[in-house]
Protein chains: 2
Amino acid sequence: MKHDSFNESVEMYLKTVSELAAGDGLAPISALAQHLGISAVSATEMVHRLGEQGLVDHVPYKGVTLTLTGAQHAYRVIRRHRLWECFLSEHLGLGWQHVHDYACQLEHATADEVADAVAAFLGQPAVCPHGNPIPDRNGRLAEPDDEPLSEWRPGDRGSLSRVFPESFLLLDYLAMHNIRPGRTVIVTELAPFNGPMMVQIGGLPHALGHEIAAHIYGIRQNDQPI
Amino acid sequence: MKHDSFNESVEMYLKTVSELAAGDGLAPISALAQHLGISAVSATEMVHRLGEQGLVDHVPYKGVTLTLTGAQHAYRVIRRHRLWECFLSEHLGLGWQHVHDYACQLEHATADEVADAVAAFLGQPAVCPHGNPIPDRNGRLAEPDDEPLSEWRPGDRGSLSRVFPESFLLLDYLAMHNIRPGRTVIVTELAPFNGPMMVQIGGLPHALGHEIAAHIYGIRQNDQPI
DNA sequence: TAGCTAGTTTAGGTAAGCCTTAAAACAGCG
DNA sequence: CGCTGTTTTAAGGCTTACCTAAACTAGCTA
């Protein structure tokens, strides 16, 4: 079977399925279409093509999962993406909130040899600047055991681990408020009626909407001293 | 008029016209087609489209030149290409003969901000690893005053300046023979009937075919001591 | 000066990936 | 069981960038 160097479009589909399926394991086509900014009909078409190529499995009316082959390709793309993010951020001094979009472009134009050389140059980093783990060259990914803040309860404390999934608007907002991996968090209050979650991050109070809280992950350490 | 971030195809055309027109100033469509690995018909079509967008001027049956706008875009692409070559070669330790192809992929996926940051990281290099000058961020390019070895005559001496245009096959051959910018050259003999050119490069004898000699440039310094 | 040849252009066609609109199939609910 | 909203199929189109085959032109050569 030829690897054939999948094109940008295919890589974006695989990467997006991987992201959407991270939690429940099944990515609805509608979500896929929305994420990629295309119509649901087009997404369905493409999913069929990917299915024929053995990259995804489609359960009608339920969603899409990656096959083993598909997952390997997705992780290769994600690896390149996160390695470039490290490089752009640490060595080129580009803004934490901007490197995601730059890496999105570079990830499709990077040969495996280049990705490996970047990894070596960076000292085989384990996570990207936004805290997400970097797959190894064989496509293996260490799943972190953190939880989105949206599942934390008042009194819970710990430290921020990652932002996922990443998007410029979210990252820019977080950068502006100095919220990033490594910061300590304490959940102080959960407003009723689906209101915002009140937290202290790095000692400063913040009100996080539900959507945002679901995209910020942290490791709970309630037994630790304050 | 929108800049619209030209796509890969357009960028390849502009870059190739720039290369082919480097000497005579007019790139024949057939040469363009051959270089890009497409049919002459397709090249003609595309040249029309580029002409409508004001990127090239086409003189029928003669060839193509870049307009001012077209040249600026071409140089932006070339700048990214050569900056990546520097980075890949100097910092990632990838082979001199391989970085050209890797850079060909990256050049189309690099935002100007990233290119500028790479340039700063590298210390604003003046030339790529193959000796070709790097345009500045405004698209200005210092034209070197060297000549292809094919125009040298027996007795001429000097130093190699660059390989142009670049291609993997040529670079690989040169790498294998330790021929690269900076080496000293002396033309010892010009075989008759369009035969090879006999030279000494870095003290070692080489026989260069006409094609190859036309792609290696050097600066003649006949007044210098041996 | 007609004719040859290399280079160019026109005409007609393909494939990938996207689109819209409309109709059919289904899941999950009361 | 039937309703409602989501998902999928069907049909027809668009754009980009490529193709082949055939017609045409420029400029040289006989």
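We name chains A, B, ... by the order of the sequence lines, and we start the count at 1 in each one.
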From NE2 of His48(B) across to C1' of dA11(C) the rounded distance in Å is 13 Å
Could you tell me the separation between the CD atom of Glu8(B) and the C1' atom of dA17(D), rounded to a whole number of Å?
-> 12 Å
Rounded to the Å, how far apart are Met46(B) CE and dT16(D) P?
-> 9 Å
Test applied, ring-ring contact (aromatic ring centres under 6.0 Å, His included); reference residue, His130(A); option that passes from Trp96(A), Tyr217(A), Phe168(A) = Trp96(A)
Parallel under 30°, tilted from 30 to 60°, perpendicular over 60°: which one fits the rings of Phe87(B) and Phe121(B)?
-> perpendicular
Within less than 4.0 Å of OP1 or OP2 of dG27(D), is there a side-chain N or O belonging to Lys62(B)?
-> yes
Spacing between Ile38(B) atom CD1 and dT8(C) atom P, to the nearest angstrom = 13 Å
Position toward the 5' end of DNA chain C (nearest nucleotide), Tyr13(A) or His58(B) | His58(B)
SB check Asp116(A) Arg79(A) (cutoff 4.0 Å) = yes
Closest to the Ser39(A) side chain: dT20(D), dC19(C), dT9(C)?
-> dC19(C)
Which part of the nucleic acid, if any, lies within contact of Ser9(A), taking any heavy atom under 4.0 Å across all strands shown: a base, the sugar-phosphate backbone alone, or nothing?
-> sugar-phosphate
Please report, rounded to the nearest Å, how far the C1' atom of dA16(C) is from the CD atom of Glu52(A).
-> 14 Å
Closest to the side chain of Ser42(B), out of dC19(C), dC18(D), dG7(C), is dC18(D)
Just how far, in rounded Å, is P of dG17(C) from CG of Leu50(A)?
-> 9 Å
5'-most contact on DNA chain C (nearest-nucleotide basis), Glu45(A) vs Val41(B), goes to Val41(B)
May I have the distance from Leu36(B) (atom CG) to dC19(D) (atom C1'), rounded to whole angstrom?
-> 15 Å
Proximal nucleotide (of dG7(C), dG17(C), dT9(C)) relative to the Ser30(B) side chain = dG7(C)
Flag the pair Arg76(B) and Asp112(B) as a salt bridge only when some basic side-chain nitrogen lies within less than 4.0 angstrom of an acidic carboxylate oxygen.
-> yes
Does the pair His108(B) and Gln105(A) meet the rule for a side-chain contact (heavy atoms from CB on, under 4.5 Å), with working shown?
-> CA-CA 9 Å; His108(B) 308 295; Gln105(A) 303 181 252; over 6 Å; no
Between Gln53(B) (CD) and dT16(D) (C1'), how many Å, whole number?
-> 12 Å
Would you indicate what Pro60(A) reaches in the nucleic acid, counting non-hydrogen atoms under 4.0 angstrom: base, sugar-phosphate, or nothing?
-> sugar-phosphate
